Structure formats: C-alpha cells, structure tokens
Amino acid sequence: MKNVVISGTGLFTPPHVITNEELVASFNAYADLQNAKHTAAIAAGERAAIPHSSVEFIEKASGIRQRYVLEKDGVLDPTRMKPRFAPRPDEALSLMAEIAVDAGAKAIAAAGLQPGQIDAVLCAAANMQRAYPAMACEIQAALGCGGYGFDMNVACSSATFALQQAVDAVRNGSATRVLIVNPEITSAHLEWRDRDCHFIFGDVCTALVVEAEDTAVGAERWRVRGTRLLTQYSNHIRNNAGFINRCEDTDPDARDKTFMQEGRKVFKEVVPMAAEHIERHLHTLALEPTQVRRFWLHQANLGMNQLVIKKLVGADLSGTQGHDLAPIILGEYANTASAGSIIAFHKHRADLRAGDVGVICSFGAGYSIGSVVVERL
Ligand code: CO8
C-alpha cells in the first residue's frame, strides 16, 4: 500500500486578542444592563437576574487565558455581544476563504509545492459561511489549485476526519496532493451572552498538505501510520441554526441558534471515549501509549487533556513534563474547534526526531473522535 505523508502545515492567527479580563468586564456590563432593564420582572420572580462571570472561574475550569478573534469591538460591546462583520459583495473573497487562503498558502509553501500542484482541497470546519457554492471551490480558485474541492463538517473533529479522507484519496489515486483547510470563525457561532460558555472559543485557521511519500519534496515529512474515526450520537453539544429555521418562524437570534452544551456531561463522557479510542487505535498498529513521543490532543479543556493522558500512560502529567508529552495551546488560543489539535501539531513538533511517533486526536460534537498516528521520517 502506498505510504502517505503530511508534508506541510500552515497557521493563520487573527490580529485581535481578547483577554479574560476584557471578556468578563464586557459580560458583566451586559449583565448589569439587562438586569437594570428587567428590574421589575426580576423583583416579581418572573425572570432570573443574570449572574456575573469571573476570570478566576474561567481559568480554573478551562485553562483558557485569552482568545484571538477576527473582530473585537462588536464582541466587547455590551449592547451587541457578537462580532461585527461587514457584508462583502459576491465578487469579493469571502471572510472564511480569506483566512483559509492565508493558512493554505503557508502549508503549500512549507511542503515545497506550488498551488497548481494541489489537486484536491478539503474545507473542513465546524461551521460554513454559506450553503453554496462550497467554500472549498472558492479557496481552490483563490489559491490557484487544480482538481476538485468540497466542504465537510464534523464539528471539532472536522480536521482529523478530513485527514482520513485525504489519506484515502492519495492512497486510492483519486488525488495526488490534498490541501486541508480548517477556517474556524467560532466567534460568529459562540453565545457571548451566556456565562457558561462565553469564554470557550477563539478564531483561527489551520492547514495541512497530504501527499504520497515517494514524491514528496518537502524538508519535513510525517508518515501517516494509521487513521481511525468514531461517532456516537449525542445532544450534549448542539446548535440548531440551519436553513430550515426561516420556515419554522422561529427567532434567528434565539438561544438554540448558537453553541449550546452540557459541559460537565461532555467532559465526563468524552474523556473515557477518547482515551479508549486512542489506545485501541495504537494497538491495531502494535503500539502502546507509552511508546508515543507526543499527543497533539483536541484543545477544549486543560483538565480534560490531563485526564486523557493519565488514562493512557498512567502518569499525572501537569506542568512541564505534561506539556512535553501533550502540549497545550488552549491558554493562548482557547478552543478553536477542529483547528486545536492541528495548532498543537503545527507549533510543537520541531523537537521530535526521525522515528518518533505521535498522535493527533480530536474530540467534540457528534460525539466525534478522530485519531491520526504519525511518524517523523
Ligand atoms: N463565571 C463564574 N461562574 C460560572 C461561569 C462563569 N463564566 N460559568 C459557569 N459558572 C458557574 C455555573 O453556573 C455553576 O454554578 P452552580 O454550581 O451554582 O450551578 C458553576 O460555575 C460550575 O459550572 P459548570 O458545572 O458548568 O463548570 P465546569 O467545571 O463543568 O466547567 C466547562 C465548565 C469549562 C465548560 C467544562 O465543563 C468543559 O470544558 N467541558 C468540556 C466541554 C467540551 O469539551 N466541549 C467540546 C465542545 S467543542 C466542539 O465540539 C465544537 C463545536 C462546534 C464549535 C462551534 C463554534 C462556536
């Protein structure tokens, strides 16, 4: 069977940072405004007052210290609480394509390729900007790639699921060189008015080039030893925004049209699933978790990743040793949906040596879990 490699990665980081302090100050101003507006209803017991958020809670519960966003002022405006994006004419490059082109071009250059050598583009993300034409077709055209492109969405597992599609395509010959882009504009689908989740997400775009090992020319190549995907239906992470909404005569700004989750249940249910999935996958490759040099895990919660690692290798890995085995980018980037494990791979792989094995693993809505075992050549 043909060997397939990841030969390049790219990262677009948005220009604006929102610190936890800024986020909480704006949320608390929003809560005060709402509570003042509804004083009588709150006093009559018809409505609950909105409680304040806290920096201490956010950092202790999640490990997130800040997030990057494409637009900051709208998010922090207590009378708005969402980004403000200017609509673009159909002839202009769309926002999602713009950040994908940035990250995609970097990944193609890192692989030592020209855009014209790419013959498949997969746009894999937790949200798509529009119904059609596919974002991937626009990105393919803007970069000057050939072949075909399509969009796919498996929420936080979009990137790992796309990796399997890309590896399969190169193996079976339906593509020669595949570009995967993960433009995650999470700020547009995050409910900034809900303190339970307002701190969770950040915007970013990652990109990967996947191609045959024998023709790859890039300086750095990571052989894909195996890919394994799993889904198990759950309503604990859900967003009801969709094209049927306007026919249901429901409010497009209603709470269920943005990100919703039962965070504690997700935490409890997904940790054992993810650890078991990784272990089983490694066993199919005759590998033990202790033989893995690095785990680039999904970045949703610091405690979650520490528990997954504890289940896998039996060690309590907080601090520097834990960071070396399973790097955390969550403090800086927050949860970037499908891009999280790929940011970790992009930023924390240079020190690995030829023969070292690593695991890229995502977990999230669906539930969906995707693992990709790689070996540095
Ligand atoms: N400030 C102060 N107090 C707070 C705050 C806050 N901001 N938020 C909640 N509290 C309070 C709660 O009200 C609760 O109070 P009480 O005990 O009185 O009821 C108390 O703090 C504890 O709340 P929780 O039980 O909710 O706190 P947890 O310790 O469980 O932490 C987390 C919450 C951080 C959300 C945690 O549960 C977690 O990280 N869970 C895992 C979540 C996860 O992995 N989700 C994956 C989703 S991502 C994904 O799949 C992609 C989807 C697509 C993305 C789309 C883009 C938007």
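What you see below is based on every heavy atom in this structure, not just the backbone, and it leaves out hydrogens, waters and symmetry mates. Atoms within each ligand, like the ligands themselves, are counted from 1 in listed order. All figures in this text were calculated on a predicted structure; none of them were measured in a lab.
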*Residues two or more places apart in sequence or in another chain: which of them pass side-chain hydrogen bond (donor to acceptor under 3.5 Å, both in side chains) with D351?*
R294
Contacts under 3.5 angstrom, residues 130-138 side chains, donor-acceptor by atom type, not counting sequence neighbours:
{"from": "R130", "atom 1": "NE", "to": "P133", "atom 2": "O", "distance (Å)": "2.7"}
{"from": "R130", "atom 1": "NH1", "to": "E138", "atom 2": "OE1", "distance (Å)": "3.1"}
{"from": "R130", "atom 1": "NH2", "to": "P133", "atom 2": "O", "distance (Å)": "3.2"}
{"from": "R130", "atom 1": "NH2", "to": "E138", "atom 2": "OE1", "distance (Å)": "2.8"}
{"from": "E138", "atom 1": "OE1", "to": "S94", "atom 2": "OG", "distance (Å)": "2.7"}
{"from": "E138", "atom 1": "OE2", "to": "S94", "atom 2": "N", "distance (Å)": "2.8"}
{"from": "E138", "atom 1": "OE2", "to": "S94", "atom 2": "OG", "distance (Å)": "3.2"}

*Which of these passes salt bridge (Lys or Arg N to Asp or Glu O under 4.0 Å) with E211: R221, R171, R177?*
R177
_Proximal protein residues to ligand 1, non-hydrogen atoms under 4.0 angstrom_ = S53, S54, F57, A61, A126, N127, C156, T186, H189, L190, R195, D196, H198, F199, F201, I237, F259, Q261, G263, R264, V266, F267, A300, N301, M304, N335, G364, A365
*Check: Y367/E269 side-chain N/O donor and acceptor closer than 3.5 Å*: yes
*Assess whether side-chain contact (heavy atoms from CB on, under 4.5 Å) is satisfied between F259 and D194, documenting all intermediate values.*
CA-CA 10 Å; F259 172 83; D194 182 346; over 6 Å; no
*Got a sec, which residues hit side-chain hydrogen bond (donor to acceptor under 3.5 Å, both in side chains) with R223, two or more places apart in sequence or on another chain?*
E213
